[in-house]
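Written below as structure tokens is the structure these notes are about.
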Amino acid sequence: MPDSSERYGFVVVSNRLPVDRVIAEDGSASWQHSPGGLVTALEPVMQANDGAWVGWAGQPDLEFEPFVDQGISIVPVPLSAEEVQRYYEGFSNDTLWPLYHDVIAAPTYHRVWWEAYVQVNQRFADRAAEITEEGGTIWVQDYQLQLVPKMLREIRPDVTIGFFNHIPFPPLGIFSQLPWRKQILEGLLGADVIGFQRADDASNFSRAVRHLLGHATTRPYIEVPVDDESAPVSRRGKKVRRVLAKHFPISIDAASYEELAARPDIQARAREIREGLGNPKTVMLGVDRLDYTKGIRHRMKAFGELLADGRLSVEDATLVQVASPSRERVETYKLLRDEIELTVGRVNGDYATMSHTAISYHHHGYPREEMVALYLAADIMLVTALRDGMNLVAKEYVAVRRDNDGVLVLSEFAGAADELKSAMLINPHDIGGMKNTIMRAIEMPKRDRTTRMRALRRRVLDNDVAKWSASFLQALENVRPGQQITPAP
Ligand code: G6P
């Protein structure tokens, strides 16, 4: 166990830790490694650089000592039940989340939530500052922690600071609603490099900085005025610090998905899944956190109408929808679940037969092996998000299709659409257009499917998550020479 005064050269800060607390039937608790994409990407970098991960363990009032998990030091930031409600469920997921996703749901603004957000961000910053060695690097992740870069710079000006926003950054007209918009921008500008998923997110951010703070920007840099006498002078004659704001599209650990897809037991499971569905001609698949940004209802509406129109029957096509439980105490998510489950019930009630279901709906999360089997079983992957930072499910589907088969139907409002141009791109608001695209996907000749999938696979396999983290860390090094992080071996 690392002692509490230990210091680290490379520190990642995110709302959630890369471990889950699991309680066994006998009531005993243990830690389980949670192998998300970010963890997989950063694990080798952390192992090579004596890294630590600062975050919340996902439950209120859980205090424990730092420990080492798979070569990464886990450093907890505890949250009280009230902080979970105000900072996490409230400000992060009922204010920022809907605001940053095109106000698909109405954001709620509460001053007490904001106060909790400031207080909790300060706690994350203090903890990270405490454990980072002189001249070290801290990489802050995502919208829950946008004030941390500035707070860190105030306590630890010696440290190199990166920030990556995993979700969209909204256009000025939407962002301006936020009563604390200036504080958020100033918080982010504490970083040396601010990474976004899409070029549009970076330019939305730069525009907000220009309009709301009046700083000069020469893409991709932002000039932040500073008091420091030794700082360089800008063209406007001011002492400035240059912040890089640029897109670094995140990816997946593509090789590990390919490996799973090559396993005979997983391939057998894929066949078993199809049989279990009554061997329909076409299996369509949706995989999402149960979130209103994902366009799950739009997809079900399109499918339901295709059945109603007689363009499809349940013998022709089944839609498998995995909707993993998410943020279940936030009201908008409760309402969404009811709506989705009502829709599933209606479509199945109207069209399912004794031997074929229309929508096979699963309100669970599944292990990665089962997800890969599902991807292999699916002829068509439906990603119909109304707004999404990236959407890694689209990339996972592509990575497992070693057979160069399968069709990806992808919303143009997902960040992944900027890269995956050979997918069948759709506007999920256009139900008629989506229905026609689904039919074209179902009827697509094998040769066309292969051409498209080959191009998609090249893109995903050549740009994996290790490349993502290496290019972000390289940008940090360029902006602030002296930052020395060994890239993943
Ligand atoms: C998105 C966010 C992440 C978040 C994840 C799951 O991908 O960008 O920061 O961790 O959703 O949401 P949760 O609220 O359960 O952490």
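Read the numbers this way: they start at 1 and go in the same order the structure lists the ligands and their atoms.
The side chain to side chain donor-acceptor pair (under 3.5 Å) analysis of residues 378-394, with sequence neighbours excluded, yields the pairs Asp102-Arg387, Arg274-Asp379, Lys294-Asp388, Arg299-Thr384, Asp388-Asn391. Contacts classified as ring pair (Phe, Tyr, Trp, His ring centres under 6.0 Å) and involving residues 138-157 (residues at least two apart or in different chains) are given here: Trp97-Tyr143, Trp139-Trp468, Trp139-Phe472.
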Run the side-chain hydrogen bond (donor to acceptor under 3.5 Å, both in side chains) test on Tyr333 and Glu328 for me, step by step, so that the C-alpha distance in whole Å, both residues' side-chain angles and the decisive distance to 0.1 Å come before the verdict. CA-CA 6 Å; Tyr333 288 76; Glu328 291 187 283; over 6 Å; no

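Figure legend: cation-pi geometry between Arg242 and Tyr221, with NZ or CZ positioned under 6.0 Å from the six-membered ring centre and within 45° of its axis.
Between Phe205 and Phe196, the ring centre distance stays below 6.0 Å.
For Ser256, the side-chain contact (heavy atoms from CB on, under 4.5 Å) partners two or more places apart in sequence, or in a different chain, are Asp253, Arg368.
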Tabulation required: pairs of a nitrogen or oxygen in ligand 1 and a protein nitrogen or oxygen under 3.5 Å; columns are atom names and distance to 0.1 Å; otherwise 'none'.
from	atom 1	to	atom 2	distance (Å)
ligand 1	8 (O)	Asp142	OD2	2.6
ligand 1	9 (O)	Asp142	OD2	2.5
ligand 1	9 (O)	Gln144	NE2	3.2
ligand 1	11 (O)	Arg327	NH2	3.2
ligand 1	12 (O)	Arg327	NH2	2.9
ligand 1	14 (O)	Tyr88	OH	2.5
ligand 1	14 (O)	Arg327	NE	2.9
ligand 1	14 (O)	Arg327	NH2	3.3
ligand 1	15 (O)	Arg16	NE	3.4
ligand 1	15 (O)	Arg16	NH2	3.1
ligand 1	15 (O)	Tyr88	OH	3.4
ligand 1	16 (O)	Arg16	NE	2.6

